[in-house]
Chemist: 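Quick one: the structure is below, questions incoming.
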Amino acid sequence: MKLEIRNAVLGYRRQEVLRGVNFEVSTGRTVCVIGRNGAGKTTFFKSLLGVMPLLEGEILLDGRDIGSWSRAEFARTVAYIPQVRMLPFPFKVSDVVLFGRTAHLGVFASPGKRDRIIADECLERLNISHLRERIFTQLSGGEQQLVIVARALAQQPSFLIMDEPASSLDFGNQINLLSQINRLKSSSLGILMATHSPDHAFACDADVVVVQDGEVRRQDSCRTVITETLLKQVYGVEVDIKSFMDERSGKMRTMCMAREM
């Protein structure tokens, strides 16, 4: 399955934010979106989700214009994880994840045995079953973010869209979250993630899209797109990109390192 934007102009009413946008993400792929603050990444996501109508162009999901999808049908196919986690009431983690089954229920229906089994499987998939009976608001930021990912997975979507999921996490929780995202890769799930860290793209071995100067461009493998020159152009910083062998995993790792002054 594929989610794509064709020949689009994105923005607010008559104010263009991004122009000439052509982009696609398929199931089985992870795509990271990078760019400065204010470059238009959130506008890009809101447009993909159908929250913000296009000024020009079209968005296709599985070859159909998203306007032809019902809200429930779209929610069963595309799950979204925003930057801000707001759950003011002290729900148990198991209930929070169960909320993800809403898209599969009728208007007055309640979750059944199968829905609870799926919710439990999503907790297990992310290795957080031990949090099942905990109160969501009492969890750490990293634990909360994994629970929100589990809730999105409970929708059983084909696409998972995440707007800077690691932005408020400490270093350890970022590594844990990225590790879990890597574990989610499968032929049935496509992942689209905005990030401020090029290292996240390397960690996920993702394709990369660069949002810069009012355009969405350069969609390709992170090892092709992310260069020292590009990072200088996008972020205005001097960095060195280093690859090394991780002795523990036996795999090559790539990282961006600040250039010595």
Side-chain angles (χ1 to χ4, degrees), residues 1 3 25-33 41-42 45-46 48-49 74-104 111 115-197 199-201 203-207:
M1 186 177 286
L3 176 61
V25 57
S26 300
T27 49
R29 304 295 297 175
T30 298
V31 179
C32 286
V33 181
K41 298 189 298 297
T42 298
F45 278 18
K46 286 183 177 179
L48 268 178
L49 292 164
F74 189 83
R76 289 192 293 268
T77 309
V78 180
Y80 175 57
I81 300 175
Q83 291 185 40
V84 180
R85 302 179 296 272
M86 294 188 66
L87 285 176
F89 301 107
F91 293 108
K92 288 198 306 184
V93 165
S94 58
D95 292 329
V96 172
V97 178
L98 197 58
F99 292 158
R101 297 300 300 161
T102 302
H104 295 267
D115 298 302
R116 297 182 187 281
I117 290 173
I118 290 171
D120 285 342
E121 288 174 346
C122 292
L123 287 169
E124 186 174 338
R125 191 174 179 184
L126 292 171
N127 291 331
I128 54 173
S129 294
H130 61 285
L131 300 177
R132 190 180 185 282
E133 300 301 318
R134 295 276 302 278
I135 301 301
F136 179 84
T137 52
Q138 296 175 1
L139 301 179
S140 70
E143 290 170 333
Q144 287 185 354
Q145 190 67 301
L146 288 174
V147 172
I148 295 301
V149 173
R151 182 181 68 177
L153 292 177
Q155 292 178 225
Q156 296 183 304
S158 296
F159 295 97
L160 182 60
I161 298 179
M162 298 183 282
D163 193 356
E164 299 182 24
S167 62
S168 62
L169 304 184
D170 62 34
F171 179 72
N173 279 317
Q174 286 188 32
I175 297 299
N176 187 35
L177 176 65
L178 292 172
S179 175
Q180 299 301 339
I181 289 172
N182 266 332
R183 293 179 65 247
L184 295 177
K185 287 183 179 179
S186 70
S187 60
S188 61
L189 182 66
I191 299 173
L192 178 62
M193 176 176 71
T195 179
H196 278 304
S197 174
D199 286 341
H200 293 171
C204 294
D205 193 24
D207 293 341

Chemist: Among Leu3, Val25, Ile191, which residue meets the side chain to side chain contact (heavy atoms under 4.5 Å, CB included) test with Val31?
Modeler: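 Between Val31 and the candidates, side chain to side chain contact (heavy atoms under 4.5 Å, CB included) is satisfied uniquely by Val25.
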Chemist: Name the residue from Leu48, Thr30, Leu160 that meets the side chain to side chain contact (heavy atoms under 4.5 Å, CB included) definition with Leu192.
Modeler: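 Of the listed options, the one satisfying the test is Leu48.
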Chemist: Could you tell me whether the side chain of Arg29 and the main chain of Asp207 form a donor-acceptor pair under 3.5 Å?
Modeler: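 A pair under 3.5 Å: no.
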Chemist: Between Asn173 and Asn176, does any side-chain donor sit less than 3.5 Å from a side-chain acceptor?
Modeler: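 Looking only at side-chain atoms, Asn176 and Asn173 do not form any donor-acceptor pair under 3.5 Å.
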Chemist: How many angstroms lie between SG in Cys204 and CG in Asn182, if you round to the nearest 0.5 Å?
Modeler: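 Here the interatomic distance stands at 4.5 Å.
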Chemist: Consider only side-chain N and O atoms of Gln180 and Arg125, and report whether a donor and an acceptor are under 3.5 Å apart.
Modeler: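 On atom types as modelled, these side chains do not qualify, holding no pair under 3.5 Å.
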Chemist: Hey, does the side chain of Gln138 reach the backbone of Ile135 with a donor-acceptor pair shorter than 3.5 angstrom?
Modeler: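 A pair under 3.5 Å: no.
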Chemist: Can a donor-acceptor pair be found, under 3.5 Å and without considering hydrogens, that links the side chain of His196 to the backbone of Glu164?
Modeler: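 Side chain of His196 to backbone of Glu164, a donor-acceptor pair under 3.5 Å: no, none is there.
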Chemist: Quick check against the 3.5 Å criterion: does Gln145 have a side-chain atom that pairs as donor or acceptor with the backbone of Leu177?
Modeler: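 Flag not set: sc Gln145 to bb Leu177 has no pair under 3.5 Å.
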Chemist: Less than 4.5 Å apart, side chain to side chain, heavy atoms only: is that true for Gln156 and Arg76?
Modeler: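 No, their side chains stay 4.5 Å or more apart.
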Chemist: Minimum heavy-atom separation for Cys122 to Ala150, with atom names?
Modeler: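 For Cys122 and Ala150, the tightest heavy-atom pair comes out as CB-O, 3.7 Å.
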Chemist: Can you measure from CG (Asp170) to OG (Ser140) and round to the nearest 0.5 angstrom?
Modeler: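 So the gap between those two atoms works out to 8.0 Å.
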Chemist: Rounded to the nearest 0.5 Å, what separates atom OG in Ser179 from atom CG in Leu126?
Modeler: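 Those atoms lie 10.5 Å apart.
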Chemist: Can you confirm whether Val93 sits close enough to Leu139 that some side-chain heavy atom of one is under 4.5 Å from a side-chain heavy atom of the other?
Modeler: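 A side-chain contact under 4.5 Å exists here.
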Chemist: Looking at Val96, Leu98, Thr102, which hits side chain to side chain contact (heavy atoms under 4.5 Å, CB included) with Arg151?
Modeler: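 Among the candidates, only Val96 passes.
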Chemist: Side chains of Phe136 and Lys92, heavy atoms from C-beta outward: is any pair under 4.5 Å?
Modeler: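 Side-chain contact under 4.5 Å: no.
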Chemist: Identify the two heavy atoms, one from Thr195 and one from Cys32, that lie closest to each other, and give their separation to 0.1 Å.
Modeler: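 Here Thr195 and Cys32 meet closest at CG2-CB, 4.2 Å.
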Chemist: Measuring from Leu189:CG to Thr27:OG1, what's the distance to the nearest 0.5 Å?
Modeler: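 With rounding to 0.5 Å, CG (Leu189) is 8.5 Å from OG1 (Thr27).
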Chemist: To the nearest 0.5 Å, what is the distance between CD on Gln155 and CZ on Arg101?
Modeler: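 Between Gln155 CD and Arg101 CZ, I get 9.0 Å after rounding to 0.5 Å.
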Chemist: Return the NZ to CE distance between Lys41 and Met193, rounded to the nearest 0.5 Å.
Modeler: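 If we round to the nearest 0.5 Å, Lys41:NZ and Met193:CE are 12.5 Å apart.
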Chemist: In the structure I gave you, are the side-chain heavy atoms of Tyr80 and Asp163 within less than 4.5 Å of one another anywhere?
Modeler: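 Yes - at least one pair of side-chain heavy atoms lies under 4.5 Å apart.
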Chemist: Show your working on side chain to side chain contact (heavy atoms under 4.5 Å, CB included) between Ile81 and Ile161 and close with a plain yes or no.
Modeler: CA-CA 6 Å; Ile81 300 175; Ile161 298 179; over 6 Å; no
Chemist: Any side-chain donor-acceptor pair under 3.5 Å between His200 and Gln174?
Modeler: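 Result is yes, a qualifying pair exists.
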Chemist: Answer whether the closest heavy-atom distance between the side chains of Ile148 and Val97 falls below 4.5 Å.
Modeler: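 A side-chain contact under 4.5 Å is absent here.
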Chemist: Under 4.5 Å between any side-chain heavy atoms of Phe45 and Met162, yes or no?
Modeler: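 Answer no - side chains too far apart.
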